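Here is how names work: the chains are called A, B, and so on, in the same order as the sequence lines, proteins then strands, and each is numbered from 1. In this text the structure is predicted, and so the values were computed from the model without any measurement.
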Amino acid sequence: MEEKYSFSKIEQKWQGHWIESKAYKTEDSSSKPKYYALAMFPYPSGDLHMGHVRNYSIADVIARYKRMTGFNVLHPIGWDSFGLPAENAAIKHQTPPADWTWKNIANMRRQLKEMGISYDWDREMATCHPGYYKWTQWMFIELFKHGLAYKKKAAVNWCPSCSTVLANEQVVDGACERCDTVVTKKILEQWFFKITDYADVLLQDLDKLPGWPEKVKAMQRNWIGRSEGMEVKLPLLDRSGEISVYTTRVDTLFGVSYVVLAPEHPLVIELVSGTEYEAGVLAFIKKMQGLNEIARTSTDAEKEGLFIGSYCLNPLSGEKVPIWIANYVLLEYGTGAVMGVPAHDERDFEFATKYSLKIRSVIVPAGSAADMKDQPLKGAYTGEGIMVNSGSFDGLDSNEGLERMADEAERRGMGQRKVNFRLRDWLISRQRYWGTPIPIVYCDSCGTVPVPEEQLPVVLPADVVFKAGENPLASSASFTDTTCPKCGGVARRETDTMDTFVCSSWYFLRYTDPRNTEVPFTKTAVDQWMNVDQYVGGVEHAILHLLYARFFTKALRDMGYVKADEPFQNLLTQGMVCLDGSKMSKSKGNIVSPEVIIGNYGADTARLFILFAAPPERDLEWSDQGVEGCYRFLNRVWRLVAQYEPVIKENLNHRSSSTDQADPWASLNAINKEMRRHTHLAIQRVTIDIGTRNNFNTAISTIMEWVNALYIYKEQPAADAAVGKEAVEAMLLLLAPFAPHITEELWLEIGHTESIHKQCWPEVDKAALVQDEVTVVLQVNGKVRDRITVAADISKADLEKKALEQPKVLEFTEGKAFVKIITVSGKLVNIVVKDAG
RNA sequence: GGGCGAGUGGCGGAAUGGCAGACGCGUCGGUCUCAAAAUCCGAUAUCUGUGAGGAUGUGGGGGUUCAAGUCCCCCCUCGCCCACCA
């Protein structure tokens, strides 16, 4: 065995061998229980970054651990390979997006292989491959057939820089999440997925996911934004018709002093046309439309509004209510109209104060002075309380008043209870080339016709022209001109492609049956493997991808294609990899290249460091010196095993084969017993850290401590060969998921013939954990004053007696009055005293 | 404004309510060497003391408990998410 740890030679050797022998191929049929370990698949940007290294190292440790503990593991990889960067590269370098993408995939595949991740490479797939996107198109048509995909004209988010529309989820602070350009509104006819049909169940079923971080669930709840309230109808004065408003506080109905419509509300034009208000209102609307999303919706924006000359009636009080329009009311939410209750809503208060509108209290805090109801307010009171100025409802608790008013309004046909969601339907059309073509044909006589399954995939044409600001597919006549699948007449294809998030909403299902050309996946395969037992990825996908994937799974379940109703049983959201306190990023220039680290120290060191430096959910600060520390540790492991090699080879069959002996370890002396105890404690800790806590950092530190102990142990004259062999072998097995190459090499060097990764995870020998003597801490009034070593089975009384005899204890108890004594067996004695007198 | 996290040595971080700071980094000292690197060994929270020791200490303040980094209440700071959603 070589004295030096030649990581490069070892890693190349084993990576080649694992690939050739298909060492990590998933067994199709197995008597073992299944385990599906999945890391979020990467976008093929060209190079692996440290975030990838962290993501895939975490998932790989879990996959390898599960294999060793007897599971049939599915651990696949693929490429989320449609998307804008490929198209931008096409415009810039005049290379087809496909060429750029496949080149990047090849490079990143090589880099992944250099990390020694245990993927089943036979299941590799890419969303830009026709064999994959055929089924994305099939999904679209299934959703279309079930009324979950539809086209509508709507004001949509438009990114002028990307020349495409965006989903609400892709607009962050009014700007495009990809390029930060301020988004504008455009009225366009676009395809949507009806995710709102699933709003309630997507919300409720979050409770079925105890294995998800609370944070992510809270973000999804927040995003779905369920709100219980009521639509109230206010009849128009002196003309037919009514205004419907949405409110969560009907109990404040008597406090209404005006009604506000969104400027774009259709009723506005109707009410002002031909009146003296028309010109002013139209000018106001024009001004609002000229503002971008940020200026319109920011909380800091000054409230602005205009009386439009009409009135409506408060249905309960009968009062005359002026109708306004204002910038702070959103057309898309609720009914696009709200009732203004300045006394009990901060926005309304601000607005009413600015325009000198009436402010009337209708709720006062319980227990407040009786004349409170007529006092001028300094600000809105938004809490609950006692109802006042509210006719027959006066004196009621506002919660009860709310229910009674809602009942009465419903009884008298003035409104009805309503649940609203913040979640909007998912806009999936993109005016871009490098995506899955929407499989729809437009025919003058048959209208909108889905492409029949046997004609899928609708393949992306190669003869397109890439020009900034234009939809490339529209430039390809060979693509757009087609015949109607229904009547055979002249027809044109839809030229938009799908949002790439559609591709990633079902890829985890395809992995279960990735080469099937007849169906997206068989029911047998998908039901055998789903759900994903452990999903690993960045928290930036908490809303978009994870919500869409849940929606797809539920829709497919309802259509009968899958049994699972949630895709991801357990979710681990890893933290960012930072350098100098901020996330590594190309634009900031604070990047450490995985390839350089692997070149200098090897993949095992890179994996070990990234798992050791922080717990997985937390952000990780990169440290070159920390990497060296891990490299030193692996060298230490190498030398330790090298020194043990002859001993282990000599004793390969010693002890473990002597099954005739009742307890082969019975005659060990104290030092050897202690080493065995350390070994089995380490096995216990590492097993819990990987298996139930996902605390890889503490698992590694446990192994480090243990290696330190082994170094000391091996110098002991009384060291036992079998104890050393047991420890070294177990240590290699426990380290194997983290550092697969070095452990494989050492395992075979010490005389084994089968891969370490095919071995069983070591088991804890409970008997080895038992101690003859224990150290007990002695406290006086909770402060540690001494420690004593006693027999492990000492009685409570004997222990307390002994504790009270210790000189250090006496020093602190002398002359004090004894209060009580607390004993935690095997651990601690606390003597409580107080000053005498 | 609402929601969710987090705050522990010089640094990354450990601690089922029971010895705070494991493990790693860094630093200092030693071993080895002609020398350096590597290796190996030791020290390393703060104050105080020559020393054994003593006191203090997990963002701040209160509380529960024999015992609190950990549980409860209030506050401060930072991070993330949502936000004129009626």
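Of the P atoms belonging to B:A68 and B:G60, the separation is 15 Å, rounded to the nearest Å. The separation of B:U70 from B:C32, taken at their P atoms, amounts to 48 Å, rounded to a whole angstrom. Comparing the P positions of B:U58 and B:G7 gives a spacing of 14 Å, expressed to the nearest Å. Look at the P atom in both B:A86 and B:G18: the space between them is 44 Å, to the nearest Å. B:G69 and B:G21 have their C1' atoms separated by 11 Å, given to the nearest Å. With both ends at atom C1', the span from B:A38 to B:U33 equals 11 Å, rounded to whole Å. Atom C1' of B:A52 sits at a distance of 22 Å from the matching atom of B:G57, rounded to the whole Å. The same atom, P, is picked in B:C72 and in B:C82; the two are 28 Å apart, to the nearest Å.
Each of A:Glu231, A:Glu228, A:Glu403 was scored for a salt bridge (charged side-chain N to carboxylate O under 4.0 Å, His left out) with A:Arg417, with one residue passing: A:Glu403.
When both pairing distances are held under 3.5 Å, B:G5 makes a Watson-Crick or G-U pair with B:C78. Under the Watson-Crick or G-U wobble criterion, with both distances below 3.5 Å, B:G29 is paired with B:C41. Remark: B:A55 base-pairs with B:U46. Criterion, Watson-Crick or G-U wobble with two distances under 3.5 Å.
As a whole-Å value, the separation of A:Leu579 CG from B:C11 C1' is 14 Å. For the pair A:Gln779 CD and B:A67 P, the computed distance is 10 Å after rounding to whole Å. In this structure, A:Arg685 places its CZ atom 11 Å from C1' of B:C23, rounding to the nearest Å.
Checked by distance alone, A:Asn830 brings a side-chain donor or acceptor within 3.5 Å of a matching partner on the base of B:C66.
A:Glu302 comes within 4.0 angstrom of a base, heavy atoms only. Backbone-only engagement by A:Arg785 is indicated by non-hydrogen atom pairs under 4.0 Å involving sugar-phosphate atoms exclusively.
The ring of A:Phe351 has its center closer than 6.0 angstrom to the ring center of A:Tyr328.
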Stepwise salt bridge (Lys or Arg N to Asp or Glu O under 4.0 Å) check, A:Arg693 with A:Asp689: CA-CA 5 Å; A:Arg693 298 201 323 158; A:Asp689 281 347; 3.1 Å; yes
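Across the interface with RNA chain B, nearest-nucleotide mapping of A:Glu705 and A:Glu811 shows A:Glu705 to be the residue nearer the 5′ end. Between A:Ile822 and A:Pro615, the residue whose closest nucleotide on RNA chain B is further toward the 5' end is A:Pro615.
Classified by interplanar angle (parallel below 30°, tilted 30° to 60°, perpendicular above 60°), the ring pair A:Tyr548/A:Phe501 is perpendicular.
There is no side-chain donor-acceptor pair under 3.5 Å between A:Asn420 and A:Ser227.
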